[in-house]
Structures are given as C-alpha cells and as structure tokens.
Amino acid sequence: MLNLLQKKTITLSSSLAVTFGGLLVPVNMAQAAVFKFTIDGLDGSGYISFDDESVDISVERVIVQGSDLNNGYFDWSFGGTASAREDIYECGYYYYPGYGEYYNCGSYRNYSERVTLDSDMAYWSGSGFSAFDDADFIFEKGELVGIDNYSVDIDYDWLSGWTYSSFWLNYPSAGLSYHSLDYIDYRNHWIQSDLNHSGSQQFSTIVPWKNPNPPVEKVPEPSTVFALVGIGLLLNKKKRSLGKNS
C-alpha cells in the first residue's frame, strides 16, 4: 500500500491518467485493472486500480488484501442528505433558588443539507493510511465483487463545535455516518446535523484484468516433429504396399 506522499506523487507524475467522474485514477503504461463501485442510496462512486502483475484473480473466487495489490489506488467520494436542526430563539441554562437548574430553549427550524465524504478527507485526517492495506478485495473470475473490512473515521474538533463521520465497507453492505454540532453562539445558538445510511455494494469493470502471463501452447520439439513425420511416411508406404498386393 502506498503512503499518502507516494499516492500524491504518482497522481502528479504518472505518464497516463484516466479521469472517471471527476476522480483522477493513475494508470501505469503497463496494463492495469480498474473497477468502479457505487453504494445503493448514496451519491458518488469509488475506483480501485492496481497492476495486473499483482495477483492472479482469474480463479473462481479469491480474497486479496490491499497490501498485496501492487500500485494499489483507491479513491472514493460519497454523499447524502443529512437532517439538520437549528434553534431559532435563544436557549440557555436557568437557575431558580429551591428548584435547581434546567435547560430551556425556544423553537427550532428543521431542514436538510448535503453531506459529502471522500478519501482525501480520510487520508488527511490520518485515518486512511492503513485502511486500504487491511481491507479485503473479493474477486470472482477476474471481476471485483466485494470490498470487506474497510473503515475510516473522520473526526474534527473545533472551538465552535465538533464533527464526527465514518465510512465503511463490510461486504455485502456499506455505509456512511455523519454527525456535527456547531455552536454559533455557545449554549445559545447551535446547529446539529445527522446522516446515517447503509446500502449494498455495486460493482462494474472499467478496465478488465488481463493475465500478464497467459498459458502458452507447447510447441513440439524438432526431434518430436521429425519422429512424427517419419512415422507418417512409414504408415503411408505400408498402406501403398498393401494396396498393390490386393
């Protein structure tokens, strides 16, 4: 698995780059396999690319760890609609002698907002470095059919609030979660957003895997060829001889 610096260097210096849906996928001049995946119910897509020389995936079913895929490149961007809630009137703590402290708020405004997570966010947050290495990629007869044990967490802690989100692929399902709480005016004005979604994984082949070492039909040795020709001549001669005698 490439570290972040290596991934970015390959992206910038690759002699051949293919763009799919806004995602830049580096492809070496040598044959490389490229697969696309989507998640039911979420916008966006992801791409995985690796050198064909990495592993033989032509068998009936094989599970390969990301760390075993040479020049493995994994890029994704997914989003959905989060439900958001913002207080309209002032909220605050109140204390009355003999009654204790309680929290009181005015009315709220409910609305929706778009939320998007991508692999760059995961890498820069420090949670995406080992996720690819540890993930399991499931192939059947040269086709990618599932991604398992892939999970990244993206956590931000700001003075005005905090945001926690995660993206995971546990075959055959996948999901995205997002939760944020922003204090516009601490304890008096805040916005909370939530998104929790899970769906099934879907795959398609962009560039098919090709066997870098296809089986080669054996060519008979010269001595074998001459022996076969000799046997053929003897049989033909015998056949003519029998014809004359009859």
- Cluster link Tyr171 to Val59, ILVMFWY, side chain under 4.5 Å: no
- Hey, are the side chains of Phe139 and Val64 touching, using non-hydrogen atoms and a 4.5 Å cut-off? yes
- Query: So, Asp118 side chain and Met121 main chain: donor-acceptor pair closer than 3.5 Å or not?
  - Reply: yes
- List for me each residue that meets side-chain hydrogen bond (donor to acceptor under 3.5 Å, both in side chains) alongside Asp43, sequence neighbours excluded, and say none if there are none. Arg114
- Message: Could you measure the distance from the CG atom of Leu169 to the CD1 atom of Ile39? Nearest 0.5 Å is fine.
- Response: 5.5 Å
- Query: Within a strict 4.5 Å, meaning less than it, do heavy atoms of the Trp168 and Ser198 side chains meet?
  - Reply: yes
- Message: Measuring only between side-chain heavy atoms, which start at C-beta, is Ser166 closer than 4.5 Å to Ser177?
- Response: yes
- Item | Check against side-chain contact (heavy atoms from CB on, under 4.5 Å), Thr81 and Val115 | CA-CA 6 Å; Thr81 301; Val115 173; over 6 Å; no
- Task: Check side-chain hydrogen bond (donor to acceptor under 3.5 Å, both in side chains) between Ser165 and all other residues, then give those that pass, not counting sequence neighbours.
- Result: none
- Message: For the residue pair Asp40 / Gln202, report whether a side-chain donor-acceptor contact shorter than 3.5 Å exists.
- Response: yes
- Message: We want to know whether Ser193 and Glu113 form a side-chain donor-acceptor pair, criterion being a heavy-atom distance below 3.5 angstrom.
- Response: yes
- Message: Do Leu69 and Val62 land in one hydrophobic cluster if side-chain heavy atoms of ILVMFWY residues count as linked below 4.5 Å?
- Response: yes
- Item | Any donor-acceptor N or O pair under 3.5 Å, side chains Ser173, Gln201 | no
- Are Ile57 and Phe203 connected, step by step, through hydrophobic side chains (Ile, Leu, Val, Met, Phe, Trp, Tyr) whose heavy atoms are closer than 4.5 Å? yes
- Task: Give me the one residue out of Asp194, Asn196, Asn110 that meets side-chain contact (heavy atoms from CB on, under 4.5 Å) with Ser83.
- Result: Asp194
- Message: Minimum heavy-atom separation for Val34 and Ser49, please, with both atom names.
- Response: CG2-OG, 3.7 Å
- So among Phe50, Tyr47, Tyr150, Phe35, which one has a ring pair (Phe, Tyr, Trp, His ring centres under 6.0 Å) with Phe74? Tyr150
- Calculate, to the nearest 0.5 Å, the distance between atoms OH and OG1 belonging to Tyr178 and Thr163 respectively. 4.5 Å
- Message: Aromatic contact between Phe167 and Trp76, with the criterion being ring centroids under 6.0 Å apart: yes or no?
- Response: yes
- Query: Can you check whether Ile63 reaches Phe137 side chain to side chain, under 4.5 Å on heavy atoms?
  - Reply: no
- Query: Which residues satisfy the side chain to side chain contact (heavy atoms under 4.5 Å, CB included) test with Leu181, sequence neighbours excluded?
  - Reply: Trp162, Tyr183, Trp190, Gln192
- Message: Contact between Leu195 and Leu176 at the side-chain level, heavy atoms closer than 4.5 Å - yes or no?
- Response: yes
- Message: Ignoring hydrogens and geometry beyond distance, is a side-chain donor-acceptor pair present between Ser119 and Asp75 at under 3.5 Å?
- Response: yes
- Kindly compute the distance separating CG (Asn170) from CG (Asp148), expressed to the nearest 0.5 Å. 5.5 Å
- Task: Taking the side chain as every heavy atom from C-beta outward, state whether Ser58 and Trp209 have any atom pair closer than 4.5 Å.
- Result: yes
- Item | Nearest-0.5 Å distance, NZ of residue Lys36 to OG of residue Ser45 | 4.5 Å
- From CG (Asp120) to OG (Ser77), nearest 0.5 Å: 9.0 Å
- Item | Note, Arg109 side chain near Arg85 side chain (heavy atom, < 4.5 Å) | no
- Task: Please assess Lys141 against Glu60 for the test side-chain contact (heavy atoms from CB on, under 4.5 Å), listing each intermediate value before the final yes or no.
- Result: CA-CA 5 Å; Lys141 297 181 178 179; Glu60 187 72 23; 3.0 Å; yes
- Task: Go through the steps for Phe78 and Thr116 under the test side-chain contact (heavy atoms from CB on, under 4.5 Å), then give the verdict.
- Result: CA-CA 6 Å; Phe78 289 96; Thr116 300; over 6 Å; no
- Message: Ignoring hydrogens, what is the shortest heavy-atom contact between Val152 and Ala131? Give both atom names and the distance.
- Response: CG1-CB, 3.6 Å
- How long is the gap from CD1 on Ile206 to CG on Leu144, to the nearest 0.5 Å? 11.0 Å
- Are any of the side-chain heavy atoms of Tyr73 and Ile48 separated by less than 4.5 Å? no
